[in-house]
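Some notes on the structure that comes next.
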Amino acid sequence: MTNEKNIIESYNLAKERYASLGVDTEKAMDQLQKVALSIHCWQADDVTGFEKSGGSLTGGIQVTGNYPGRARTIDEVRADAIKVTTLIPGKHRFNLHAIYGDFQGKVVDRNEIEPKHFISWMEWAKENDLKLDFNSTSFSHPKSGNLTLANPDESIRRFWIEHTKRCRWISEEMGKFQNDPCIMNLWIHDGSKEVPASRLKYRQILKESLDEIYATKYQNMKDCIEAKLFGIGLESYTVGSYDFYLGYGVKNQKMVTLDTGHFHLTESIADKISSLLLFTPEIMLHVSRPVRWDSDHVVILNDELADLSREVVRCNALNRVHIGLDYFDATINRIGAYVVGIRSTQKALLQALLEPYAKLVSYEANGQLFQRLALQEEAKSLPWNAVWDMFCLKNNVPVGEDYIKDIEKYEAEITSKRV
């Protein structure tokens, strides 16, 4: 059990150390307090959703593991989400996929969903001081196949166009209800196992579908478009590539989503931030951890996450870069997966906010490149963890590893009884 007196004493020492480098730790905590992460619903139930028809997960994605305690109902997903919020500092958002509607046990096909299927979600979010974000769902459906919005078959394409239009409508109503724009992400798995005869053909179709979908203008929602490198069974060609969505986003001033698992493993997502901010209005991040492919491992505090967070902060873009989580691990306790990933993301942001950036800029301007490199290295071992502990204490959430016992208790009393 952590000692409050020790936390405060350690923080005061850290505060002095950072002050000597021109860093205000109180300001850093205030800034982090305002960062609302978008917590993904699909970690709770392995991307199953609540469509009565059910079915296996398709679309080039998969969830591995079968750890006991998966959420099976809307109430269980909501209970798990609230438990998570008690173990992380700050106020956050909750991100829904279209398949998580409150369908009341009825079969509602995806081209028939309406805002009424998400009213209970809106009310639940308001009661729990959360804001909602949204996603269209193109996978795990009899009409998914390998192509949805890029499908030459007009009947299938029109089905998915209608679905996506309705998702934007639902997002608009969510935004109105919560008096805060709902961010709607569009990701489709469309692609091919082998290289098609014409790459251009399917991208032309996708562009035409998007043009129709986005023809309706809304005031209470924001659109973002997400690329992917490949999917399982769709390895050779992805219609909605990064280049496609970058071009579409810049031309149409749409938010581009950067999923940290959707690029080559040696590619720097952090390096893309400054370029996108010059040409697109905002950016959406889906923070994940790829291990050799888009495997959606639980986010940890690694170099890639630290670099990404630093870039957002250095660009002074916390008001233009939205941060969501996107992973699904069924090999471990799902609540634990949530909490580890969210807290790791917050830690990376705090480290970035505590960076002696003004001094680094000064060194660079004066051509003092050795000094710049030396301070960058020394900054890695500054006592940021003491500031993190204080941040948790201020938010009345477990400090350090104390949350492990809370999750074990929740498992013993709640999730272990789900059979």
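Side chains are part of it too, since the values below use all heavy atoms of this structure and drop only hydrogens, waters and symmetry mates.
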Which side-chain N or O atoms in residues 375-386 pair as donor and acceptor under 3.5 Å with protein atoms at least two apart or in another chain?
| from | atom 1 | to | atom 2 | distance (Å) |
| --- | --- | --- | --- | --- |
| Glu377 | OE2 | Lys380 | NZ | 2.8 |
| Ser381 | OG | Glu378 | O | 3.2 |

query: Do other residues, nucleotides or ligands put more than 12 heavy atoms under 6.0 Å from the CZ atom of Arg199?
result: no

- prompt: Distance-only, no hydrogens or angles: does the Asp46 side chain make a donor-acceptor pair with backbone N or O of Thr48 under 3.5 Å?
  reply: no

field: Arg334 side-chain N/O to Tyr67 backbone N/O, donor-acceptor pair under 3.5 Å
entry: yes

- request: Just jot down the ring pair (Phe, Tyr, Trp, His ring centres under 6.0 Å) partners of Tyr214, sequence neighbours excluded, or say none.
  value: none

query: Do we get Lys207 above Tyr248's six-membered ring, with its NZ or CZ under 6.0 Å from the centre and within 45° of the axis?
result: no

query: Residues in ring pair (Phe, Tyr, Trp, His ring centres under 6.0 Å) with Trp124, at least two apart?
result: Phe94, Trp121

field: Check against salt bridge (charged side-chain N to carboxylate O under 4.0 Å, His left out), Asp307 and Arg310
entry: CA-CA 5 Å; Asp307 192 25; Arg310 275 196 303 270; 3.7 Å; yes

- request: Quick one: do Thr64 and Thr331 satisfy side-chain contact (heavy atoms from CB on, under 4.5 Å)? Show the steps, please.
  value: CA-CA 7 Å; Thr64 55; Thr331 66; 4.2 Å; yes

- request: Would you check, one step at a time, whether the test ring-ring contact (aromatic ring centres under 6.0 Å, His included) holds for Tyr338 with His40?
  value: CA-CA 9 Å; Tyr338 264 131; His40 55 311; 5.3 Å; yes

query: Do the side-chain N and O atoms of Asn95 and Asn135 include a donor-acceptor pair separated by under 3.5 angstrom?
result: yes

task: Sequence neighbours left out, what passes ring pair (Phe, Tyr, Trp, His ring centres under 6.0 Å) with Tyr403? Give chain and number order.
output: none

Over all atoms of both residues, closest heavy-atom pair of Gly145 and His189: O-NE2, 3.0 Å

query: Under the 3.5 angstrom rule, does the side chain of Glu16 hit a backbone N or O of Ala14 as a donor-acceptor pair?
result: no

- prompt: Do His297 and Ser295 have a side chain donor and acceptor closer than 3.5 Å?
  reply: yes

- request: Apply the test salt bridge (charged side-chain N to carboxylate O under 4.0 Å, His left out) to residues Glu267 and Lys272: give CA-CA distance (whole Å), side-chain angles for both, the deciding distance (0.1 Å), then the verdict.
  value: CA-CA 10 Å; Glu267 196 169 358; Lys272 303 178 187 301; 2.7 Å; yes

Closest contact, heavy atoms only, Asp190 versus Ala150: OD2-N, 3.0 Å

Identify every side-chain donor-acceptor pair in residues 159-168 under 3.5 Å, counting partners at least two apart or on other chains, and give the distances.
| from | atom 1 | to | atom 2 | distance (Å) |
| --- | --- | --- | --- | --- |
| Trp160 | NE1 | Lys143 | O | 3.0 |
| Glu162 | OE2 | Arg166 | NE | 2.7 |
| His163 | ND1 | Arg110 | O | 2.9 |
| His163 | NE2 | Thr137 | N | 3.0 |
| His163 | NE2 | Thr137 | O | 3.4 |
| Thr164 | OG1 | Trp160 | O | 2.7 |
| Lys165 | NZ | Glu212 | OE2 | 2.9 |
| Arg166 | NE | Asn111 | O | 2.8 |
| Arg166 | NH1 | Glu112 | O | 3.3 |
| Arg166 | NH1 | Ile113 | O | 3.1 |
| Arg168 | NE | Asp223 | OD1 | 2.9 |
| Arg168 | NE | Asp223 | OD2 | 3.4 |
| Arg168 | NH1 | Ile213 | O | 2.9 |
| Arg168 | NH1 | Thr216 | O | 2.8 |
| Arg168 | NH2 | Thr216 | O | 3.1 |
| Arg168 | NH2 | Asp223 | OD2 | 2.9 |

task: Compare every heavy atom of Tyr11 with every heavy atom of Glu26, then report the nearest pair and how far apart it is.
output: OE2-OH, 2.5 Å

- request: Only counting residues at least two apart or in another chain, list the ones meeting side-chain hydrogen bond (donor to acceptor under 3.5 Å, both in side chains) with Asp80.
  value: Tyr410, Arg418

query: Has Lys27 got more than 12 heavy atoms of other residues, nucleotides or ligands less than 6.0 Å from its NZ?
result: no

field: Parallel, tilted or perpendicular, as decided by the 30° and 60° cut-offs, for the rings of Trp187 and His262
entry: tilted

task: Assert yes or no for the condition that the ring centre distance of His97 to Phe139 is strictly below 6.0 Å.
output: yes

